[in-house]
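Just below is one structure, and these are the notes that go with it.
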Amino acid sequence: MAERKPRKLVTFLASCCVFWFILSACFLTALVLIGRHTLYNSDIPILTPKFSRIVPEKLFRLPNGTRPITYDLYLSPNLSTGHFNGYVNVTINVTSPTNSIVFHSQKLTIVTVKLFSENLGNELKINSVEENSNSQTVNATLNGEIQRGVYFLTVNFSGGLAGRIIGFYRSTYRSENGTERQIATTKFEPTYARQAFPCFDEPNLKATYRVKILKPKDSNYIALSNNPQESVEDVENGQIVTFKETVPMSTYLVCFIVSDFQSTDTTFDNNGTPIPFRVFATPQQLSKTTYAGEVGKKVIEYYVSYFGIPYPLPKLDMVAIPDFVSGAMEHWGLVTYRETALLYTEKTHSQANKQRVATVIAHELAHSWFGNLVTMNWWSDLWLNEGFASYIEYKGVDHVHPDWGMLDQFLVDDLHAVLSLDATLGSHPIIVKVETPDQITEVFDTISYNKGASVLRMLENTVTASIFEKGVKNYLNKHKFGNAVTQDLLDELETLVGEKLNVTEFVNTFTIQMGYPILNVTVEGDKYTFKQKRFLKDESMVDKTNTPYNYKWTVPITYVTDQGKSTEYILFKHTDDSVTITKPATAKWIKFNYDQVGYYRVNYPKTEWNNLINVYTSLSVADRTHLLEESFSVAEAGQLSYEIPLSLTQKLTEEVDYVPWNVAASMLKKIKGFLKGEVETNFKKYIQRITNNAYSKLTWTENVDDGHLKRLARVVVLNLACSVDHEECLAAATEKFNEWIQNIETVSLSQDLRGLIYQFGMKTANESTWNKMADVYVKESDANEKLKILKGLASVNKEDLLKNLLTKGEDESFVRSQDYFSLLAYISANPLGESLVWDYVRTNWEKLVQRFTLNDRNFGRMVGTITSDFSTEERLKEMQDFFAKYPNAGAGASARVQALEKVNNNIKWKNAYQKNIEDWITTNAPKKL
């Protein structure tokens, strides 16, 4: 790290030949601007003008006649007071005559706004500076019209760091000696850069950035930004760190951090050039950064090869932030993470934690190309960023850990969740019109991420991996450092595929209309004829929206037989009434949509379903998983007898693999939740019996040579067994928990099984034991471990202790805001806590809105989470009344629709299928398997 010799900052003049700007030490003195240089002073007096709303309320997009070229940004955060001052000079290009400059600002106090012509010798008079809080803009109206050309917009401002975890904010943690430490950090995606500095906060308004930030003189403190440090200069109240000018990028990718963190340092190979690569964390967590550095290095070197484009920046930092609203954020060159998504150690963290770290890192680093280098033109095409990163992350982790079966895990981690959501009217198209900040943040959801990834996976399989990879490379090279829309990617693939496939039409059927098809099969001899219709969980629901394709899709049908996978797809066009496929003459059986790679469902006649059940053990992991998920899902929609999926579960006596058990456990628990009394007891006994073989093979005993997937399978199977009151399982969990809680300092629990032990060991705990575990939670510094303990505290079978936990959760020193919704989810998942949380949220709604704001999408989705198991008309009416009382949903509008539809479907399921399930259980469950 190169540093200049320190000197006090009173005046700062630099060469006008590089067009920097200069500003006097105080706004009471004259503003002097030479070239593009600035004199910064962190002690500028704050003047507060009055604002009025004159910008039209419906204006959420900036006028298109002004584009930023370069931001010269200075920020002076005070970690103690939680306030900051700042100054920005934006070089702008005015492309059409105008009498006003409109830019974004939110939650900032604007001190002064000035505009200068290109030669900086002429300050242009501004008649008024007016704010519109609804559109989050500031309108500087000029004294007359200015013509096309380059101008300099200078703004002095101040803001607050406290009480938030978006924009520019303060995060705290406790050092090993218990001292509270503060840091300042940022999280700007999608529309929060405007909370840190006045800017043109839209993704297609890319610019370069020259950042200066004040940090404490404390030698432990550092400052970080997207690019490497250029210089450090002493001033009276700290040190100003100057960073090198960035490449062009969108505002949401800008990042700056002031902290006392430490790092593990390495490099990665960037086509023969070593690039500095550092992983930062709090000092006491530094040992947990090693794995992140190892996996990050391998993943990014794989991406350099895959994309065929060198990593575009001169350094890469990854930072674990104690308070972080998302899982991670792909700030270019300075990627930030929640601690649970970056820190890992074999001593305390599970294999699931390890996989989480690997996948999040692989996701964020993929954005360096898909999202950062080439950015969607507007948020409507968010899937270009998030769908691609959500898919390519599996390739990245599979490259590093080929034994993890990541390509099979895609089914349970990404595909199945979105197939469930997308079969409801609460879904939305991948490409959707958004304008307001609430609408923008709302589309960071399962559709943009999971469906986007699933459609890309199907697209790659259809056009072949080599063509897909080449098309992606061509797309990135053509639009690098710029913006693009979906059609730009499709055009590159279209060119490579030729006339064989209309790529645009194929993909559009899945991106511009929501939902997906189910292909119903009729069989005559070796002829399989398919007809398609839209798949909905509730076919009685009427969708009044129109689409260009009338809810028909172009589907690439694949299949697998006992002789292997089909080498070609059969295209079922959206214009076709039906398609007929002939089973290979020597094939004994046929299963369509191999590896569930296509984004569609298949429903067979009963005889064909039974044939597939009979050959279950002959199928691949992905195909076994597919049969389980698809049969239960089609039955849930009333299009298949539950006899098929329940009969299929009998094959689980021969199953030991993680991915199929993941699906089976989820489906069986879901049904169990709807049952009561003797039939629930009988169903639990049935699940115990079909679980016994896997339970006895996996056991609670771990071996050093157990592989990653075996460790994951063990957790799923033991969790299922304990949840259905498997006596041996519960006894083991309770014994291990009691041994630990009585000897916390000396007993070490398995890193993979400790979450289960906390959860099931705490169920029958008394108040004294609960309080003891609560003390352990408070003292614990590891974020992953805290969540496991918190879930344990929420699992207790005592209502008064759950009420106590709800009360404690209001204290941010007990539960960080980032974990608050996890707390509510954990308590509501406890049968004793479901009503408690629902009543609590309704009673405290206004207070929660004030704390989190309606723009918080996690807050918006919280109601859907805590009501997901509701299944009565009474509960549905309570939800409807609650939403009517508080109609402004903010970023949770879609989540409310989804929540109501979910509960409606639960009610209808119980009315339509519960009797069938009970009859099957009565007939089959007592049978010895």
Side-chain angles (χ1 to χ4, degrees), residues 407-408 410-412 415-416 419 454-465 467-468 497 500-501 506-507 509-510 516-533 535 552-574 576-635 639-640 644-645 648 651 659-660 663:
L407 303 185
D408 291 335
F410 180 91
L411 275 63
V412 294
L415 177 61
H416 293 166
L419 286 174
S454 301
V455 169
L456 288 169
R457 176 173 175 256
M458 176 174 62
L459 174 62
E460 179 187 43
N461 189 71
T462 303
V463 303
T464 74
I467 286 179
F468 181 79
V497 171
K500 181 181 178 181
L501 176 69
F506 163 42
V507 173
T509 63
F510 288 93
Y516 57 91
I518 183 169
L519 309 186
N520 289 302
V521 185
T522 56
V523 183
E524 291 187 13
D526 286 341
K527 302 290 185 182
Y528 290 71
T529 299
F530 299 82
K531 288 183 177 292
Q532 70 162 282
K533 66 176 181 179
F535 180 74
K552 296 289 185 179
W553 290 263
T554 293
V555 180
I557 303 175
T558 62
Y559 61 83
V560 62
T561 72
D562 53 300
Q563 298 174 348
K565 295 179 179 179
S566 57
T567 56
E568 295 286 335
Y569 60 84
I570 296 90
L571 200 63
F572 189 169
K573 295 183 179 180
H574 70 94
D576 294 337
D577 291 329
S578 64
V579 164
T580 298
I581 295 174
T582 302
K583 182 173 72 173
T586 58
K588 296 178 182 178
W589 53 264
I590 187 169
K591 174 193 169 291
F592 293 97
N593 193 11
Y594 65 67
D595 295 341
Q596 204 173 7
V597 75
Y599 194 75
Y600 58 90
R601 295 201 181 280
V602 180
N603 193 10
Y604 306 87
K606 182 177 180 180
T607 301
E608 292 295 317
W609 273 112
N610 285 330
N611 288 341
L612 292 173
I613 292 174
N614 290 335
V615 300
Y616 174 86
T617 55
S618 302
L619 301 176
S620 68
V621 166
D623 283 324
R624 299 200 306 273
T625 304
H626 179 198
L627 282 188
L628 285 162
E629 189 274 337
E630 191 126 280
S631 60
F632 273 104
S633 297
V634 177
Q639 300 179 42
L640 179 68
I644 296 299
L648 186 57
K651 291 292 184 179
V659 180
V663 169

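- To the nearest 0.5 Å, atom CD1 of residue Ile467 and atom OG1 of residue Thr462 are 11.0 Å apart.
- A donor-acceptor pair shorter than 3.5 Å can be found between the side chains of Ser633 and Glu629.
- You'll find the side chain of Lys591 stays beyond 4.5 Å of the side chain of Val615, heavy atoms only.
- If you take CG on Leu459 and OG1 on Thr464, they are separated by 10.0 Å, rounding to the nearest 0.5 Å.
- Atoms CZ and CG, from Arg624 and Leu619 in turn, are 7.5 Å apart once rounded to the nearest 0.5 Å.
- By the 4.5 Å heavy-atom criterion applied to side chains, Met458 and Gln596 are not counted as neighbours.
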**Q.** Thr561 vs Lys588, side-chain contact (heavy atoms from CB on, under 4.5 Å): CA-CA, chis, key distance, verdict
**A.** CA-CA 7 Å; Thr561 72; Lys588 296 178 182 178; over 6 Å; no
Q: List the steps and the verdict of side-chain contact (heavy atoms from CB on, under 4.5 Å) for Asp408 and Thr625.
A: CA-CA 9 Å; Asp408 291 335; Thr625 304; over 6 Å; no
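- Note that the NE2 atom of His574 and the OG1 atom of Thr509 stand 7.0 Å from one another [nearest 0.5 Å].
- Looking at heavy atoms from C-beta onward, Pro660 lies in side-chain contact with Val621 at the 4.5 angstrom threshold.
- We find the OG1-CD1 distance between Thr558 and Ile570 to be 8.0 Å, quoted to the nearest 0.5 Å.
- For the pair Ser618 and Asp562, the minimum side-chain heavy-atom distance is 4.5 Å or more.
- Contact annotation: the side chain of Phe530 never approaches that of Val555 to less than 4.5 Å [non-hydrogen atoms, C-beta and beyond].
- Atom NZ of residue Lys583 and atom CZ of residue Phe592 lie 9.0 Å apart, to the nearest 0.5 angstrom.
- Here the closest heavy-atom approach between residue Asp595 and residue Asp623 is recorded as N-OD1, 2.7 Å.
- Closest approach of Ser631 and Ile644 over heavy atoms only: CB-CG2, 4.3 Å.
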(Q) Run Trp609 and Asn603 through side-chain contact (heavy atoms from CB on, under 4.5 Å) and show every step you take. (A) CA-CA 8 Å; Trp609 273 112; Asn603 193 10; 3.0 Å; yes
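- No hydrogens or angles considered: nothing links the side chains of Tyr600 and Gln532 as a donor-acceptor pair under 3.5 Å.
- Residue pairs meeting the ring-ring contact (aromatic ring centres under 6.0 Å, His included) criterion with at least one partner in residues 610-635, sequence neighbours excluded, are absent.
- Using a 4.5 Å heavy-atom threshold, the side chains of Lys651 and Leu627 count as separate.
- Nearest heavy atoms, Val579 versus Leu571: CG2-O, 4.1 Å.
- For the pair Ile581 and Tyr559, the tightest heavy-atom approach, listed with the atom from each and the gap, is CG2-CE2, 4.3 Å.
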Q: Using the side-chain contact (heavy atoms from CB on, under 4.5 Å) rule, take Leu501 and Tyr569 through it: C-alpha gap first, then chi angles, then the decisive distance, then the call.
A: CA-CA 11 Å; Leu501 176 69; Tyr569 60 84; 3.8 Å; yes
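- Between the side chain of Asn593 and the main chain of Val602, no donor-acceptor pair closer than 3.5 Å is present.
- Looking only at side-chain heavy atoms (C-beta outward), Glu608 and Val521 stay at 4.5 Å or farther from each other.
- Thr582 and Lys527 share a side-chain donor-acceptor pair at under 3.5 Å.
- Formation of a donor-acceptor pair under 3.5 Å by the Asn461 side chain with backbone atoms of Arg457 is not found in this model.
- Of all heavy-atom pairs between Leu411 and Ala622, the closest is CD2-O, 3.6 Å.
- Scanning both residues, Phe572 and Asp577, for their nearest heavy atoms gives CZ-O, 4.0 Å.
- Using a distance-only test at 3.5 Å, with no hydrogens or angles considered, no donor-acceptor pair links the side chain of Tyr599 to the main chain of Tyr516.
- Side-chain contact between Leu456 and Phe468 is present, with at least one heavy-atom pair separated by less than 4.5 Å.
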